[in-house]
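In each ligand, atom 1 is the first atom listed, and ligand 1 is the first ligand listed.
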Amino acid sequence: DQPVLIVGAGHAGFQLAVSLRQAGYGGPVSLINDEPHLPYQRPPLSKAYLKGGGRPDSVMFRPEKFYHDQHVDLIADRAVAIDRSARELVCASGASRAYKHLVLATGARNRLLDIPNAGLDDVLYLRTLDESETLRQRFGAGGRVVVVGAGFIGLEFAATARAKGLEVDVVELAPRVMARAVTPEISEFFQRRHIEAGIRLHFGVQATSITSNDGRVTGVTLSDGRQLVADLVVVGVGVLPNVELAAEADLPVASGIIVDEHLLTADPDISAIGDCALFASVRFGAPLRLESVQNATDQARCVAARLTGDTKSYDGLPWFWSDQGADKLQIAGLTTGYDQVVVRGNAGEGSFSAFCYKAGRLIGVESVNRGSDHVFGRRILAVNGSIAPDQAADLAFDLKKALA
Ligand code: FAD
C-alpha cells in the first residue's frame, strides 16, 4: 500500500495529514519536511513569537509524539523531482518514494530584494522560524531599521521593532500601506497608528541600494535620492510560490501550480494546496492564489475529504488577520473590485469596520478591533448573504438579525 505523500510540512501539509486521520484514512501518510524543525505555525513569527521570549516549541503545531501516535511518517528530506510515470518522488537524500497520491504543499518563499548590497548579513527576511529568531535577537542591540515594504509582514515587524525601542523607517512604493489588500479607510487608520508610535513612513519611493561599511549596513538609498540611516534592513516585498517541482514535472503552472475546483493538477494522482496553488475558484469564478492560514487549512480539509471518498469542489470563504501594535485587523471575504465602502463604527475611537460592496452586494468586511463584525461578515458571506449599506452603517442595526 503506497502512501499519500505530502511535500511540505507547513500549514497546508500538516493540516492534510491531520485531516486524513480525522476522516478515518487508515493507509500510510508521509509528510516530507525540508525545514530543520518540527512543523510550525507562521503567524506568530511576526507577532507573539517575535515580541515575546517564547521557546521555539511554542510555535510547533504538535510535539513529535503526535506524529508517532497518528502514524504520520514525518520525513526530513527535500523533494527534488517527480517521476509521474513511475509515481515516485525523488528526494535530495537520494531516496525515491512511491506514492498513491502526491500532494504538493510547497508554499512560497521570500521574494528577494535585488539591489546593490542586498546580500549583506544585516539584510533580513521574515518567513521561517530561524529568520524570526534572528530578528528577535537583533532587538537587544537597539539601533535603526529600515523596513522595505509596507505589507502585513513589514508592518507587523515594524510595530514590534518600534515597541522594542528601535528607530524604524518603512519604505513603500505604493501611496499607502497594505495598498493591494485593504481599502484606503483601513490604510489611513494604520498609517496614523504607526506614525503615532513613532514610525516614519515613506510612500512612493523604492530602496535603490544599501550602503555599507566593512560589510555592515549603514543605510538605504531611496529612489528620490534620500538616504536613510540603518544598521538593519528587513525586507517584506512579498513571496514567490514554489512551483518549480511541478513545472519540471510538466504540470501546468502560472502564478501558482494550476489546479481545478477539486484542487487536482492536470495529473489525477497529484493535488496542490495552500500558498503554492492557483485554484479554479468556484466562489469567485476565476483562478485565485491566496496566502493565508484559512486557505491552506481549508484546502487541506477539502483534499482529505476527496481522498476519503467525499469529493466536493473547494469553496472556502477567505478570511485573514493581522496584528499591528495593539490593533487587530480582520478581513472576511475578498474586497478586490469593490465599488462602495460603508464604515461602521468610529475610526477615531479605534474600532470600526469597512463594509465593501460591489454592485450593491456585500463582498467583504475589513474590521479593526471589532471582532463581532468580523464574525458576522464571515457567517453572512459564507452563505452568500448580504445586508443593505445603510444597515451596515447603522450601529443600532443588529447584525445578528441578518443571519436569522
Ligand atoms: P508554507 O507554510 O510556506 O509551508 C510550505 C513548506 O513546504 C515549507 O516548510 C517549505 O520549506 C516546504 N517545502 C517547499 N518546497 C519543498 C520541497 N521541495 N520539499 C520539501 N519541502 C518543501 N496568514 C494568516 O492567515 N494570518 C496571519 O496572521 C499570517 N501571518 C503570517 C506571518 C508570517 C511571518 C508569514 C511568513 C506568513 C503569515 N501568514 C499569515 C501566511 C501563512 O502563514 C501562509 O499562508 C501559510 O503558511 C501557507 O501554508 P502552506 O503550507 O501553503 O505554505
Open item on the list: Heavy atoms only, cut-off 4.0 Å: how does Glu35 contact ligand 1, side chain, backbone, both, or neither?
Closed with: side chain

Task: Ligand-residue contact atoms, ligand 1 with Ala105, heavy atoms, under 4.0 Å - done: 5 (C), 6 (C), 7 (O)

Open item on the list: Suppose we call two aromatic rings close when their centres sit under 6.0 Å apart. Are Phe157 and Tyr49 close by that rule?
Closed with: no

Task: Option set Gly10, Gly13, Ala272, criterion heavy-atom distance to atom 4 (O) of ligand 1, minimum - done: Gly10

TODO: With atom 14 (C) of ligand 1 as the reference point, say which of Leu126, Thr106, Asp323 has the nearest heavy atom.
DONE: Thr106

Task: Worked verdict on Tyr314 versus Phe279 for ring pair (Phe, Tyr, Trp, His ring centres under 6.0 Å) - done: CA-CA 9 Å; Tyr314 175 71; Phe279 63 99; 5.4 Å; yes

Open item on the list: Do Ile32 and Leu89 have side chains that approach each other closer than 4.5 Å (heavy atoms only, starting at C-beta)?
Closed with: yes

Task: Side chain Arg193, main chain Ala197, donor-acceptor under 3.5 Å - done: no

- [ ] Measure the distances from the heavy atoms of Lys47 to every atom of ligand 1 and state whether one is below 4.0 angstrom.
- [x] yes

Open item on the list: Give me the nearest non-hydrogen protein atom to atom 43 (O) of ligand 1 as residue plus atom name, then the distance to 0.1 Å.
Closed with: Arg42 CB, 3.3 Å

Open item on the list: For atom 35 (C) of ligand 1, what's the nearest protein heavy-atom neighbour? Residue, atom name and distance, please.
Closed with: Ile153 CD1, 3.5 Å

Open item on the list: Using a 4.0 Å cut-off to any heavy atom of Ser292, which atoms of ligand 1 qualify?
Closed with: 23 (N), 25 (O), 45 (O)

- [ ] Under 4.0 Å from a heavy atom of Val7: give me the atoms of ligand 1 that qualify, with their elements.
- [x] 17 (C), 19 (N), 20 (C)

Task: Exam field: side chain Arg301 to backbone Gln15, donor-acceptor pair closer than 3.5 Å - done: no

TODO: Measure the distance from atom 31 (C) of ligand 1 to every protein heavy atom, then report the residue, atom name and distance (to 0.1 Å) of the closest one.
DONE: Pro43 CA, 3.6 Å

- [ ] Identify the protein heavy atom lying closest to atom 34 (C) of ligand 1, giving its residue, its atom name and the separation to 0.1 Å.
- [x] Ser46 OG, 3.5 Å

Task: Full working for ring pair (Phe, Tyr, Trp, His ring centres under 6.0 Å) between Phe352 and Phe189 - done: CA-CA 10 Å; Phe352 71 106; Phe189 173 82; 5.4 Å; yes

Task: Sidechain N-carboxylate O distance under 4.0 Å for Arg200, Asp169 - done: yes

Open item on the list: So for ligand 1, is Trp321 a polar contact partner (N or O within less than 3.5 Å, distance only)?
Closed with: yes

Task: Protein contact of atom 10 (C) of ligand 1 - nearest heavy atom, named by residue and atom, plus distance - done: Asp34 OD1, 3.4 Å

Task: Sub-4.5 Å side-chain heavy-atom contact between Val170 and Ile199 - done: yes

Task: Among Gln299, Arg127, His11, closest by any non-hydrogen atom to atom 3 (O) of ligand 1 - done: Arg127

Task: Residue and atom name of the nearest protein heavy atom (relative to atom 18 (N) of ligand 1), distance in Å to one decimal - done: Ala79 O, 2.9 Å

Open item on the list: Quiz question: by atom type and distance under 3.5 Å, do the side chains of Gln324 and Ser322 form a donor-acceptor pair?
Closed with: yes

Task: Side chain proximity check, Pro43 to Leu45, heavy atoms < 4.5 angstrom - done: no

- [ ] State the atoms of ligand 1, each with its element, that fall below the 4.0 Å cut-off from a heavy-atom position in Gly274.
- [x] 52 (O)

TODO: Starting from atom 51 (O) of ligand 1, find the nearest protein heavy-atom neighbour and note its residue, name and distance.
DONE: Ala12 N, 2.8 Å

Open item on the list: Is Ser322 close enough to touch ligand 1? Criterion: a residue heavy atom under 4.0 Å from a ligand atom.
Closed with: no

TODO: Look only at the side chain of Arg42 and the backbone of Arg127, and say whether a donor-acceptor pair between them is shorter than 3.5 Å.
DONE: yes

Open item on the list: Quiz question for you: does at least one protein heavy atom lie closer than 4.0 Å to atom 49 (O) of ligand 1?
Closed with: yes

TODO: Quick one: look at Leu290 and ligand 1, take heavy-atom pairs under 4.0 Å, and tell me if it's side chain, backbone, both or neither.
DONE: neither

Task: Contacting atoms of ligand 1, where contact means under 4.0 angstrom from a heavy atom of Glu291 - done: 45 (O)

Open item on the list: One thing to verify: whether Asp275 and Arg289 come together as a salt bridge, which I'm taking to mean a side-chain N less than 4.0 angstrom from a carboxylate O.
Closed with: no

- [ ] Could you say whether the N/O atoms of Val293 and ligand 1 ever approach to under 3.5 Å?
- [x] yes

Open item on the list: Do the side chains of Asp121 and Arg216 get close enough for a salt bridge, i.e. N-O under 4.0 angstrom?
Closed with: no

Open item on the list: Pairing donors with acceptors under 3.5 angstrom, does anything connect the side chains of His262 and Thr311?
Closed with: no

TODO: Inspect the contact between Glu156 and Lys51 and indicate whether a charged nitrogen and a carboxylate oxygen are less than 4.0 angstrom apart.
DONE: no

Open item on the list: Does only the side chain of Ala296 get under 4.0 Å from ligand 1, or the backbone, or both, or neither? Count heavy atoms.
Closed with: side chain

Task: atom 52 (O) of ligand 1: the protein heavy-atom neighbour that sits closest, reported with distance to 0.1 Å - done: Asp275 N, 2.9 Å

TODO: Specify side chain, backbone, both or neither for Phe152, according to which of its non-hydrogen atoms lie closer than 4.0 Å to ligand 1.
DONE: neither

